[in-house]
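Take a look at the structure below.
Atoms considered below: every heavy atom in the structure, side chains included; atoms not considered: hydrogens, waters and symmetry mates.
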Amino acid sequence: MTMTPKLLVLSAPSGAGKSTICNLLLERNPDFRLSISATTRPPRGNERNAVEYFFLSKDEFFAKVERNEFLEYAEVHGHYYGTLKSSVEALLQQGFTVLFDIDVIGALNIKKQYPEAMLIFIRPPSQEELIHRLKNRKTENEAQIQKRLERLPMEYENARYFDHQVVNDDLLSTVERVEQLIRGQ
Ligand code: 5GP
């Protein structure tokens with residue numbers, strides 16, 4: 001019998017469709033729960049505290065760093081993001097599969113602490129498509145888009161240490177592929 005990993009980490013370049021994939025995975029798999037990260041980024045749109053993120057000031061965030069409350073944390077696009085040990089441990093204890101939507105560096109740090117975690121890198125079909133998606137969603141200005149694109153070489157470089165890479169050319173097929181991978185098929 002193959003063991004289903006209890007930690008599923010998804011990383012992707014900004015605009016590859018990772019958040020949509022995570023939301024669909026959560027809807028379709030009642031045994032999955034999202035690891036809610038802490039961040040110093042201000043809320044966007046109708047994001048709520050403790051739902052999408054725990055929104056913290058820089059002081060609050062670094063007080064948690066000092067108290068060693070994070071499994072990992074990283075600076076991404078000029079803001080800090082971190083995974084709280086306590087929320088991951090609570091979810092695992094309740095028997096849930098914990099889904100992480102975090103950057104590549106965070107993913108590799110989770111793997112160091114939980115070698116059984118499955119790391120999946122979501123690739124956009126092409127760089128042109130990625131730029132098109134980023135521009136189309138209109139949540140970032142030109143400078144912010146540039147900042148996101150500057151991370152691409154680093155992200156692709158680290159993606160080779162992931163367990164799997166899935167190209168997101170069709171949303172539903174991508175979600176099904178991720179489900180197959182975690183179920184060991
Ligand atoms: P956004 O601000 O668009 O929600 O997220 C920006 C980036 O930060 C995304 O790549 C997201 O996956 C990453 N991120 C979110 N939470 C965490 C976290 O706890 N740790 C790390 N390392 N990255 C995170």
Identify the two heavy atoms, one from Arg137 and one from Ser14, that lie closest to each other, and give their separation to 0.1 Å.
NH2-OG, 3.1 Å
Met154 and Ile122: same hydrophobic cluster, using ILVMFWY side-chain contacts below 4.5 Å?
no
So does Glu129 pair up with Arg133, basic N to acidic O under 4.0 Å?
yes
Are the side chain of Gln144 and the backbone N or O of Asn141 linked by a donor-acceptor pair below 3.5 Å?
yes
Asn46 atom CG, over 12 foreign heavy atoms within 6.0 Å:
no
Salt-bridge present (Lys85, Glu69; N to O < 4.0 Å):
no
Relative to each other, are the rings of Phe162 and Phe121 parallel, tilted or perpendicular (30° and 60° limits)?
perpendicular
Has the side chain of Glu72 got a donor or acceptor atom that lies under 3.5 Å from a matching backbone atom of Gly82?
no
Among the clusters formed by ILVMFWY side chains lying less than 4.5 Å apart, do Leu84 and Leu92 turn up in the same one?
no
N/O donor-acceptor pair under 3.5 Å between Asn29 side chain and Phe32 backbone:
no
NE2-CZ distance between His77 and Arg41, expressed to the nearest 0.5 angstrom
9.5 Å
If you round to the nearest 0.5 Å, how far is CD1 of Ile110 from CD1 of Ile105?
12.5 Å
Name the orientation class of the two ring planes belonging to Tyr53 and Tyr81 (parallel below 30°, tilted from 30 to 60°, perpendicular beyond 60°).
tilted
Thinking salt bridges, do Arg48 and Glu52 make one under a 4.0 Å N-O criterion?
yes
Can a side-chain donor-acceptor contact be found between Arg28 and Asn23 if the only test is distance below 3.5 angstrom?
no
Using a strict cut-off of less than 4.0 Å between a Lys/Arg side-chain nitrogen and an Asp/Glu carboxylate oxygen, indicate whether Glu116 and Lys6 qualify as a salt bridge.
no
Whether Ser11 side chain and Ile102 backbone form a donor-acceptor pair below 3.5 Å:
yes
